[in-house]
2 protein chains.
Amino acid sequence: MDKQLTALETVFKALADSTRLRILALLTTGEVCVCNVHDTLRIPQPKASRHLAYLRRAGLVETRRDGLWIHYRLAKRSNPVVAAVEEAVREALAESPAIRRDLERLKKQTGCEPAAPDNTLPIIQLTARHTRA
Amino acid sequence: MDKQLTALETVFKALADSTRLRILALLTTGEVCVCNVHDTLRIPQPKASRHLAYLRRAGLVETRRDGLWIHYRLAKRSNPVVAAVEEAVREALAESPAIRRDLERLKKQTGCEPAAPDNTLPIIQLTARHTRA
DNA sequence: TCCATATATTCCCGTTGACAAATATAGCAC
DNA sequence: GTGCTATATTTGTCAACGGGAATATATGGA
């Protein structure tokens with residue numbers, strides 16, 4: 001199995017879980033910390049952490065520590081074809097009512113919204129967005 | 001979990017296996033029967049059959065019986081966002097050396113090649129293509 | 001009917017992954 | 001140091017999945 005095929009398989013395994021899809025939808029709005037993920041999606045903290053770790057192992061997200069908080073963001077894609085898949089996913093996710101509700105809750109908590117659909121690069125937002133500080 | 005989200009999860013689960021990705025790449029050339037799948041991919045027949053069944057359960061492929069042979073083809077996508085994902089996948093698959101080799105072998109056996117990249121509809125090819133008759 | 005071919009399914013086994021609950025680690029404030 | 005908060009990891013359990021090998025089913029032909 002060559003690198004291209006392995007890379008695709010890895011990406012699709014990472015996408016093959018609804019919790020991770022919801023997390024990725026949140027991340028299209030910019031950086032999000034773990035507390036906002038588990039508050040917004042209403043899932044237990046260990047569950048958020050576990051899926052975020054999975055996404056990081058798969059290379060789809062990157063982290064930045066800021067004191068107590070760890071901010072997750074979409075990783076810059078090295079593989080252009082993978083990027084195309086992700087762009088299609090991003091548009092598809094916007095169609096899900098569950099994800100719309102997640103994004104509404106995130107907006108209430110942090111004031112952040114998804115970027116314009118044609119903006120394919122992850123938005124790196126350096127202002128802190130957690131609401132628990 | 002709503003319908004959109006469930007649909008995406010189902011599709012990604014189906015795509016999250018390299019054997020199935022290779023099969024889907026074959027199917028971009030049109031209808032293929034099981035014998036051509038397992039000959040071309042050089043995998044045991046039960047393995048080909050099992051993964052084809054998985055793809056059918058997931059709604060990604062459809063079948064047509066023709067005597068002893070069962071021809072598989074890509075299903076027409078009802079969901080446009082899923083179709084966009086699949087189109088991105090189609091282009092990504094063309095980058096894999098393993099898949100290029102699979103397609104070469106298929107071409108040797110049946111004379112069929114992938115369609116033009118901008119042809120997003122599955123090609124329904126009604127001529128028999130198996131080489132064992 | 002019997003045989004041959006194409007395809008599907010079953011059985012067994014090992015691995016992965018998802019979950020909840022509990023526990024551990026890391027950084028900050030005091 | 002002690003506490004407090006945010007995050008990560010471990011534990012145990014369970015279901016899903018992948019693989020090979022063997023077997024079953026279905027169709028067509030002599």
Side-chain angles (χ1 to χ4, degrees), chain A residues 1 5-6 9-23 26-27 31-58 60-73 109-110 128-133, chain B residues 1 5-6 9-23 26-27 31-58 60-73 109-110 128-133:
Chain A
M1 212 169 58
L5 196 49
T6 304
E9 194 186 25
T10 300
V11 170
F12 288 133
K13 277 189 202 302
L15 296 175
D17 178 272
S18 61
T19 301
R20 289 195 290 270
L21 288 174
R22 292 171 70 197
I23 291 176
L26 290 190
L27 293 182
E31 278 194 339
V32 177
C33 69
V34 183
C35 60
N36 277 335
V37 171
H38 93 259
D39 278 358
T40 302
L41 303 192
R42 305 200 197 286
I43 58 178
Q45 175 269 322
K47 180 169 173 175
S49 191
R50 185 159 25 90
H51 285 292
L52 285 165
Y54 192 114
L55 290 170
R56 188 170 42 168
R57 281 196 307 272
L60 268 69
V61 305
E62 294 166 349
T63 59
R64 177 179 65 89
R65 178 179 275 280
D66 170 27
L68 278 182
W69 295 278
I70 298 187
H71 300 268
Y72 283 76
R73 62 173 178 272
Q109 290 189 4
T110 70
R129 298 170 63 196
H130 41 78
T131 54
R132 294 186 163 179
Chain B
M1 210 170 56
L5 196 50
T6 304
E9 192 185 27
T10 300
V11 169
F12 288 133
K13 277 189 201 303
L15 295 174
D17 178 272
S18 61
T19 301
R20 289 196 288 271
L21 288 174
R22 292 171 71 198
I23 290 175
L26 290 190
L27 293 182
E31 277 194 339
V32 177
C33 70
V34 182
C35 61
N36 277 335
V37 171
H38 93 258
D39 279 0
T40 302
L41 302 190
R42 306 200 195 289
I43 57 178
Q45 175 269 322
K47 180 170 172 175
S49 190
R50 188 156 25 90
H51 284 293
L52 285 165
Y54 191 114
L55 289 171
R56 189 170 41 168
R57 281 196 307 270
L60 269 68
V61 305
E62 293 165 351
T63 57
R64 175 179 66 89
R65 178 177 276 279
D66 170 26
L68 279 181
W69 295 277
I70 298 187
H71 300 268
Y72 282 78
R73 63 174 178 273
Q109 289 189 5
T110 69
R129 299 171 62 195
H130 41 78
T131 53
R132 295 186 162 176

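Here is the naming used below: chain letters follow the sequence lines, and residue numbers restart at 1 for every chain.
- Relative to the ring axis of Y72(A), R56(A) does not place its NZ or CZ within 45° and under 6.0 Å from the centre.
- Here T19(A) contributes atom OG1 and R50(A) contributes atom CZ; the two are 8.5 Å apart, rounded to the nearest 0.5 Å.
- Closest contact between the side chain of P44(A) and the listed nucleotides dT7(C), dA18(C), dA20(C) involves dA20(C).
- Between K47(B) atom NZ and dA21(D) atom P the separation is 12 Å, expressed in whole Å.
- Nearest nucleotide to the side chain of R50(A), out of dT7(C), dA18(C), dA8(D): dA18(C).
- At a cut-off of 3.5 angstrom, the base of dA6(D) holds no donor-acceptor pair with the side chain of Q45(A).
- Out of dA21(D), dA18(C), dT7(D), the shortest distance to the side chain of Y54(A) is found at dA18(C).
- Within the 4.5 Å cutoff, no side-chain heavy atoms of D17(A) are placed close to those of F12(B).
- Atoms CZ (R64(A)) and P (dA6(D)) sit 17 Å apart, rounded to a whole Å.
- Which of dA8(D), dA6(D), dA8(C) sits closest to the side chain of R56(B) comes down to dA8(C).
- Formation of a donor-acceptor pair under 3.5 Å by the R73(B) side chain with backbone atoms of E62(B) is not found in this model.
- Proximity note for C35(A) (side chain, C-beta onward) versus dG18(D), dA6(C), dT7(D): the nearest is dT7(D).
- Remark: P of dA15(D) and CG of D17(A) are 18 Å apart, rounded to the nearest angstrom.
- Within the 4.0 angstrom heavy-atom criterion, only backbone atoms of the sugar-phosphate kind lie near R65(A); the bases stay farther away.
- Considering only side-chain atoms of R20(A), the nucleotide from dG27(C), dT7(C), dA18(C) that sits closest is dA18(C).
- Each of dG19(D), dA6(C), dA8(C) was ranked by its minimum atom distance to the side chain of T19(B); first place goes to dG19(D).
- Per the geometry, CG belonging to L68(B) stands 12 Å off C1' belonging to dC3(C), to the nearest Å.
- Out of dC19(C), dA8(C), dG18(D), the shortest distance to the side chain of H51(A) is found at dC19(C).
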